[in-house]
Amino acid sequence: MLKFSRANAPDRAAAASGMQQIALARGTAAAAQRSRLPTFVATAATVALLYFARDVFLPLAIAILLTFALAPLVSKLRRVGCPRSVAVVGTVTIAFLFLFAFSGVVAMQVSEVAQNLPTYQYNIVEKVRSLKETGSESQILDRLGRVMERINIEISRPEPELRASPEAEPERKPVLVEIFSPQRPVETLKNIINPLLGPLATTGLVLVVVIFMLFEREDLRDRFIRLVGYGDLHRTTEALQDAGARVGRYLLMQLVVNITYGIPLAIGLSLLGIPNAVLWGMLAILLRFVPYIGPVIAAALPLFLAFAAAPGWSLLIWTAALFIVLELLSNNVVEPWLYGSRTGLSPLAIIVSAIFWAWLWGPVGLVLSTPLTVCLVVLGRHVPQFEFLEILLGNEPVLDPKERLYQRLLAGDPDEATDNAEDMLEEKYLVEFYDTVAIPALLLAERDRARGALTSAQAAQIAQSANTLIANLEEIAGEEEGEEETSTEDQESDGDGEMDEYDLPTGDGKSVLCVGGRGDLDDVAASMLAQTLWIQGADAAQAGHEVLKAGNIKGLKLEGRNAVVLSVLDQDFMRHAKFTVRRLKRMAPAARIGIVLWQENGRPGATERDQLIESMQADFVVFGMGDAVREALSDASPRPLKLAHPKIAPGYAMRRSKRVERS
């Protein structure tokens, strides 16, 4: 019974530690859930507050964004030597005069368009009639018209009445009478002024708030830092600078882009003969602040006028061509040139934010959607509680390339993994991709396997997908093999060039065997190394880890090999690697036997590496792709194998000598 209890003591300890780990994991998950809950509640409360108090927050949001846009101009005037009051009042006055003038011109142009619309009625009727005649040849419009007529007859048909007396009198309907009374001058003035009070009051409030924010900009910044981030001045200051730079740059550059679009549009529409061309150019400048939807709306009205103003179709075609040419120039020439218009938002986030802010604050929210969402992304970037905003709305990748590759291999999707690899290979060589992306992805898989999070079936699927990826990259490897010869000749001619990490020696006349150390993932890493050696011109082959077993290693063909490289992802294999190295050295004494212990970060130094080489009796131990290729293609001679001498038991020699004397 005592032996049984002692034997079960480690099991009980392991079980207790396992229960502690489970309890700790549950506690961590519960704490994480509790920590997320206040954030979501605060977010929902904020959205509700913004919706129900939009009459208060909308002018403040406009004022803040205008402050961001005008602050750089005020700062430049201050640096020139203008007093603060002159710089602030002058900048705000010029900006609002421009806005008032813009609004006045738009209002006059809209009233003129409304007055001229009846004159276009004849052209519209004639074009609709021509379309109908064209469609009547195929009898489509006629059939649709007959169907609609029948539906209208059925809807307007009265229901049968079940009455005893068929001569019942119809019900008399009352006649509507409207009484008109002459209005007094005061009432007429009220009817004119009342609709204007709201916009004028909002404009005045925005004007006052912008002026005071520009006057007290430094004081407001200090108060915000003291309120929000006094304990972390660096992060708060960086957040404020990032928000100001992003929003101000976006508003300024977007205004420049829109002006370079609207002015040529107005000139082109005027030359084509479109009425009120100035209006459509100014509306294009304003509506292009609305992402994706704004340019469509800006083009719809001029196209309708081109349809209505002229009897033919040529004006409509030329107008559409003008919009297409301007869109192509703006999107492919002007915006890339003015790179500052980039906001850091993903395209989907821009669309979703436009829908959200339009629902929250109407058309004005639609115009302000992009700069407001930029502020949210900056908040998520610098405040840990709102990090999910940057993840959802930002355009930066949320997964590292190695994590993305590992996720695709784990999902069994080598095709997308190949597409992503080809995109990266446009800027880097295959050896660099393997060393910085593919091998780290395999290390992630190995860590998951070691801690039990990855089953053997999943590991086999990852290995199969990775082998498919390697096979898909064979064509790129062949292209790089041809490039390697040219680059080698260039390096020989340019002897003064600095040595890059991935400037590798040629492998002409070398024969190398790459063997997986312990599992399928090691075999994949060995295949990547073999393909890299093949690019360098070596006769490279790959063998699976199964050949290292006691019954199979004797059948390994090592004749003519210059080097044999063991590929190892699992550090525990190093305990047994010494015996494998000895066997390989006995079988191929003329070959250099080395180990690649793949590591991404924290690679050991020269001293520790030399100790590993000495303990393993290997010719080399390396930790990355570049060093592995250099050592495998090295001309150095292999180290001789040191045979281990068995220890003699004490007294064994004396007893043996006595037996010899007796005999």
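Hydrogens, waters and symmetry mates play no part in the numbers below; they use all other heavy atoms, side chains included.
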By ring-ring contact (aromatic ring centres under 6.0 Å, His included) - contacts of Trp361 (at least two apart): Trp357
Using a 4.5 Å cut-off on heavy atoms from C-beta on, say whether the side chain of Tyr434 contacts that of Leu430. yes
Report yes if some heavy atom in the side chain of Leu444 is under 4.5 Å from a heavy atom in the side chain of Arg447; otherwise report no. yes
List the steps and the verdict of side-chain contact (heavy atoms from CB on, under 4.5 Å) for Ile263 and Ile267. CA-CA 6 Å; Ile263 293 178; Ile267 296 174; 4.0 Å; yes
Keeping to residues at least two apart or across chains, list the side chain to side chain donor-acceptor pair (under 3.5 Å) pairs with something in residues 57-81. Ser75-Arg217
Shortest non-hydrogen pair, Ser270 vs Ala277, comes out as N-CB, 3.5 Å
Using every non-hydrogen atom in the two residues, find where Leu405 and Ala438 come nearest and quote the distance to one decimal. CD2-CA, 3.6 Å
Spatial distance of atom CD1 (Ile211) from atom CZ (Phe96) [nearest 0.5 Å]: 7.5 Å
Inspect the contact between Arg288 and Glu327 and indicate whether a charged nitrogen and a carboxylate oxygen are less than 4.0 angstrom apart. yes
Under 3.5 Å donor-acceptor, Trp280 side chain and Pro275 backbone: yes
Heavy-atom side-chain contact between Pro302 and Phe323 under 4.5 Å: yes
When rounded to the nearest 0.5 Å, the distance separating CG of Leu255 from OG1 of Thr260 is 9.5 Å
When rounded to the nearest 0.5 angstrom, what distance separates CD in Glu432 from CG in Leu425? 9.5 Å
For Ala354 and Leu366, work out which heavy atoms get closest and say how close. O-CD1, 3.6 Å
Among pairs that include at least one residue of residues 48-69, which meet salt bridge (Lys or Arg N to Asp or Glu O under 4.0 Å), considering only residues two or more places apart or in two chains? none
Hey, does Leu368 have a side-chain heavy atom less than 4.5 Å from the side chain of Leu58? yes
Check: Ile64 and Val209 side chains under 4.5 Å, non-hydrogen atoms: no
Heavy-atom nearest pair, Ala284 first then Ala298, reads CA-CB, 3.9 Å
Heavy-atom side-chain proximity of Leu272 to Thr319 below 4.5 angstrom: yes
Using 0.5 Å steps for rounding, measure from the OG1 atom of Thr46 to the CG atom of Leu50. 6.5 Å
By side-chain hydrogen bond (donor to acceptor under 3.5 Å, both in side chains), which residues pair with Asp413, not counting sequence neighbours? Arg408
Nearest heavy-atom neighbours spanning Leu409 and Ala417: CD2-CB, 4.5 Å
Is Ile274 close to Leu315 at the side-chain level, that is, under 4.5 Å between some pair of heavy atoms? yes
Please list, chain by chain and in numerical order, all residues satisfying side chain to side chain contact (heavy atoms under 4.5 Å, CB included) with Pro264, sequence neighbours excluded. Leu326
Nearest-0.5 Å distance that lies between atom OG1 in Thr93 and atom CZ in Phe98: 15.0 Å
CG/Leu70 to OG1/Thr91 distance, rounded to the nearest 0.5 angstrom? 6.5 Å
Non-hydrogen side-chain atoms of Asp448 and Tyr406 separated by less than 4.5 Å: yes
For Thr436, the side-chain hydrogen bond (donor to acceptor under 3.5 Å, both in side chains) test, sequence neighbours excluded, returns none
For Phe433 versus Met424, what's the shortest heavy-atom pair and its separation? CE1-CE, 3.5 Å
